[in-house]
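Notes to accompany the following structure.
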Amino acid sequence: MTDAVVVGSGPNGLSAAIALAQAGIHVTVIEAADTVGGGTRSSELTLPGLIHDDCSAFHPMGVASPFLSSLGLDEFGLTWAWPEVQIGHPLDGGRAGILHRSVDETAAGLGIDGEIWRKLFGPLTEDFDDIVQDFLGPVVHLPKHPVTMAKFGLKALQPARLLGHRFATDEARGLFGGVCAHSFYELGKPTSSAAGLMLAAAGHRYGWPVAVGGSQAIADALAGKLQSLKGVIETGREVTTLSELSADVVMLDVSPSAVVSMAGDKLAPRIRRAYEKWKYGPSAFKVDFAVEGGIPWTNEDCRRAGTLHVGGTYGEIAAAEKESYRGTMPERPFVLVGQQYLADPSRSQGDTHPVWTYAHVPHGYDGDVVEPLIAQIERFAPGFRERIVGQFVRDPAAMAAYNANYVGGDISTGANNAWQIVARPRLGVDPYATGIPGTYICSAASPPGGGVHGMAGFHASRSALRHLAG
Ligand SMILES: Cc1cc2nc3c(=O)[nH]c(=O)nc-3n(C[C@H](O)[C@H](O)[C@H](O)COP(=O)(O)OP(=O)(O)OC[C@H]3O[C@@H](n4cnc5c(N)ncnc54)[C@H](O)[C@@H]3O)c2cc1C
């Protein structure tokens with residue numbers, strides 16, 4: 001019987017394992033940590049009974065993923081839950097840009113920019129399922145929906161600044177800039193609007209849901225699905241060299257640098273050079289809080305929002321993102337805040353709630369960012385500080401120690417610059433192939449990149465199956 005080993009049990013590793021097992025291959029997953037899930041784990045980080053997401057929190061791309069949605073993960077305990085408001089972007093003076101599921105409702109809240117929002121996101125939302133089929137895969141391929149994809153591509157190639165300047169109000173511009181800033185990239189550079197366009201359109205098409213019980217439920221459901229296909233999972237074992245593995249297919253849910261260190265001389269010099277040149281991006285400085293009574297946002301809609309993009313106006317966020325990308329710690333960093341408990345009250349204890357936050361900081365930054373992060377939230381929610389009854393900090397070094405794929409604390413496993421969006425992790429017709437026969441890379445460093453969608457794992461497994469078929 002053909003066998004496969006998958007190194008790493010993140011959503012991409014587990015998806016690759018499932019896709020291979022579905023093809024009748026005997027699969028073993030080897031995971032360094034004691035629990036499965038990689039970036040989809042949850043734990044009681046602050047107070048007993050309070051469930052925090054260690055990493056991923058909101059899953060528009062999880063619901064939209066053609067592969068994950070084909071797996072019937074509800075049978076393995078996965079339930080999505082939606083907050084009332086998908087995204088809040090607080091501004092001074094109690095104002096905010098608000099993203100609702102409905103494009104019309106969102107547009108209605110954006111005043112004179114409403115029509116422009118509708119024109120930008122109405123068609124994208126309608127075409128979203130077609131775009132996803134092409135966007136969530138290798139860049140070099142024959143598009144399934146060429147016309148739709150070309151229309152999307154013309155916008156996605158643009159700098160976020162250009163598209164953002166279509167809007168006149170702080171609310172619309174900020175809302176758009178905040179979503180684009182998920183890419184940890186300079187908003188004035190080409191392609192910096194791609195992630196934001198997709199994430200905002202996904203918010204309209206599917207919302208930004210959380211997994212009931214914590215993101216761990218996604219990992220547990222994927223593991224359950226794999227085990228139902230007779231796959232085996234071994235935790236608490238770190239793979240250090242490819243020589244310790246023997247299988248027809250080896251699937252690596254790891255960073256390009258880890259492939260280099262595991263493969264040694266087995267990599268062709270050309271591919272080794274590409275992996276060594278792979279650039280890592282800014283880092284995340286994560287702080288989880290236990291908050292009595294929730295965050296007292298001045299803006300009422302922000303109190304009902306699952307995700308908040310905290311950093312002020314578009315201009316302020318663009319400046320902070322530019323600094324952190326270029327290696328300078330901004331005085332006022334861009335901060336993401338998650339109020340998952342609004343959609344999933346089972347994560348709270350009485351009126352004490354788990355709040356998930358992280359700031360964008362320069363790659364490998366080793367300073368303390370707790371105060372600047374709290375100050376950013378205080379700016380739009382005075383009194384927040386007094387409500388904190390517990391906190392847990394994971395700085396970039398701790399992030400990297402938590403998961404080897406977060407090199408230097410880069411939670412995207414690679415900078416999302418224009419070159420690396422195309423050459424992921426190297427330029428080639430089959431970006432998953434490492435050139436070592438039967439060995440593939442399937443982590444977020446391969447197409448389509450970061451996020452919990454499992455599509456890198458799925459496409460890498462397709463590449464392996466094509467190779468096996470000869
Ligand atoms: C703070 C934070 C917030 C995020 N928020 C979101 C969000 O809201 N929504 C979203 O969609 N995405 C989010 N993400 C990103 C998302 O979690 C990742 O993009 C996704 O998990 C990548 O999946 P992966 O399978 O490629 O790798 P990972 O999930 O990183 O998994 C890799 C696994 O491989 C294991 N491993 C590595 N090296 C070895 C080795 N040598 N031997 C054995 N095992 C090894 C690691 O321990 C890990 O378990 C967030 C990430 C972080 C950190």
Side-chain angles (χ1 to χ4, degrees), residues 5-17 29-42 45 52-65 68 87 136 182 184 195 198-199 202 208-211 215 218-219 222-223 233-242 244-245 250-255 257-259 261-262 283-288 306-307 336-338 340 356-360 394-396 398-407 409-414 416 425 441-458 460:
V5 169
V6 178
V7 179
S9 69
N12 283 315
L14 290 173
S15 295
V29 175
I30 303 175
E31 167 56 51
D34 292 334
T35 49
V36 289
T40 45
R41 282 182 270 178
S42 316
L45 295 176
H52 295 268
D53 290 325
D54 286 282
C55 302
S56 78
F58 297 93
H59 298 98
M61 302 316 284
V63 191
S65 163
L68 294 192
I87 304 172
L136 290 185
H182 275 255
F184 282 88
M198 278 308 277
L199 287 170
W208 278 32
V210 306
S215 296
I218 303 170
L222 287 168
I233 300 174
E234 190 183 335
T235 54
R237 176 178 162 200
E238 184 189 355
V239 173
T240 54
T241 162
L242 291 186
E244 62 186 277
L245 310 173
V250 173
M251 202 48 87
L252 301 171
D253 183 12
V254 306
S255 69
S257 350
V259 177
S261 102
M262 282 181 195
S283 302
F285 187 106
K286 185 162 184 273
V287 189
D288 285 271
T307 306
L336 286 103
V337 176
Q340 294 91 317
W356 166 106
T357 77
Y358 68 90
H360 287 190
R394 211 172 249 148
D395 66 7
M399 271 290 171
Y402 176 74
N403 180 343
N405 287 25
Y406 303 153
V407 177
D410 169 4
I411 64 172
S412 309
T413 318
N416 290 309
I441 182 168
C442 71
S443 68
S446 56
V452 175
H453 42 62
M455 293 304 289
F458 169 75

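Start at 1 and go down the list; that is how both ligands and their atoms are numbered.
Residues L252 and L242 meet the side-chain proximity criterion, which asks for heavy atoms closer than 4.5 Å. For the pair S446 and P425, the minimum side-chain heavy-atom distance is below 4.5 Å. Two residues are said to be in side-chain contact when any heavy atoms from C-beta on lie closer than 4.5 Å; N405 and D253 meet this criterion. With contacts defined as side-chain heavy-atom distances shorter than 4.5 Å, the pair V254/V259 qualifies. Looking at V287 and R394, their side chains never come closer than 4.5 Å, going by heavy atoms from C-beta outward. Side-chain contact check for H59 versus W208: every heavy-atom pair is 4.5 Å or farther apart. N12 has its side chain out of reach of F458: every pair of non-hydrogen atoms, C-beta onward, lies at least 4.5 Å apart. By the 4.5 Å heavy-atom criterion applied to side chains, V337 and Y358 are not counted as neighbours.
Considering each of V239, V36, T35, V259, the one bringing a non-hydrogen atom nearest atom 41 (N) of ligand 1 is V239. Scanning N403, V254, V6, L336 for the heavy atom closest to atom 46 (C) of ligand 1 points to N403. The heavy atom nearest to atom 27 (O) of ligand 1, considering only L14, L222, D253, is found in D253.
M399 contributes atom CE, which lies 10.0 Å from atom CZ of F285 (distance to the nearest 0.5 angstrom). In this structure, M262 CE and T240 OG1 are separated by 7.5 Å, a value rounded to the nearest 0.5 Å. If you take CZ on R41 and CG on D34, they are separated by 9.0 Å, rounding to the nearest 0.5 Å. Atom CD1 of I30 is separated from atom CE of M251 by 13.5 Å, given to the nearest 0.5 angstrom. The line from CH2 of W356 to OG of S56 is 8.0 Å long, rounded to the nearest 0.5 Å. I218 contributes atom CD1, which lies 8.0 Å from atom CG of L68 (distance to the nearest 0.5 angstrom).
Using a 4.0 Å cut-off to heavy atoms of G451, the atoms of ligand 1 that qualify are 10 (C), 11 (O), 12 (N), 18 (C), 19 (O), 20 (C). Each of the following atoms of ligand 1 lies closer than 4.0 Å to a heavy atom of G450: 19 (O). Within the listing of ligand 1, atoms 26 (O) sit less than 4.0 angstrom from a heavy atom of S443. Distances below 4.0 Å separate heavy atoms of W356 from the following atoms of ligand 1: 3 (C), 5 (N). Listed by atom number, the atoms of ligand 1 under 4.0 Å from I30 heavy atoms are 43 (C), 44 (N). Short contacts between ligand 1 and G8, defined as distances under 4.0 Å to a heavy atom of the residue, involve ligand atoms 33 (C), 34 (O), 35 (C), 44 (N). In the vicinity of Y358, heavy-atom distances shorter than 4.0 Å reach the ligand 1 atoms 3 (C).
Residue Y402 has no N or O atom closer than 3.5 Å to an N or O atom of ligand 1. At under 3.5 Å, a nitrogen or oxygen of E31, whether backbone or side chain, sits near a nitrogen or oxygen of ligand 1. The shortest N or O to N or O distance between M399 and ligand 1 is not below 3.5 Å. In terms of N/O distances under 3.5 Å, ligand 1 is not approached by V7. The shortest N/O to N/O separation between F58 and ligand 1 falls below 3.5 Å. Looking at I411 next to ligand 1, no N or O pair under 3.5 Å apart turns up.
With a 4.0 Å heavy-atom cut-off, ligand 1 is reached by no atom of A284. With a heavy-atom cut-off of 4.0 Å, N405 touches ligand 1 through its side chain alone.
Residue contacts with ligand 1: K286 is included, with a non-hydrogen atom under 4.0 Å away. Not a single heavy atom of A258 lies less than 4.0 angstrom from ligand 1. Note on ligand 1: R237 sits in its first shell, one or more heavy atoms being nearer than 4.0 Å. Under a 4.0 angstrom heavy-atom cut-off, A57 registers as being in contact with ligand 1. Look at M262 and you'll find a heavy atom under 4.0 Å from some atom of ligand 1.
Among all non-hydrogen protein atoms, the one lying nearest atom 31 (O) of ligand 1 is G10 CA, 3.2 Å. In terms of protein heavy-atom proximity, atom 16 (C) of ligand 1 is nearest to V452 CG2, 4.0 Å. Protein heavy atom closest to atom 3 (C) of ligand 1, with residue, atom name and distance, is C55 O, 3.2 Å. If you check which protein heavy atom lies closest to atom 5 (N) of ligand 1, you get S56 CA, 3.3 Å. Among protein heavy atoms, the minimum distance from atom 17 (O) of ligand 1 is reached at G39 O, 3.4 Å. For atom 22 (C) of ligand 1, the closest non-hydrogen atom of the protein is A444 CB, 4.0 Å. Of all protein heavy atoms, the one closest to atom 43 (C) of ligand 1 is A32 N, 3.2 Å.
For the residue pair S42 and D53, a side-chain donor N or O sits within less than 3.5 Å of a side-chain acceptor on the partner.
Under the 4.0 Å criterion applied to side-chain N and carboxylate O atoms, D54 and K286 are not assigned as salt-bridge partners.
With hydrogens and angles ignored, the 3.5 Å screen pairs no side-chain donor or acceptor of S9 with any backbone N or O of V36.
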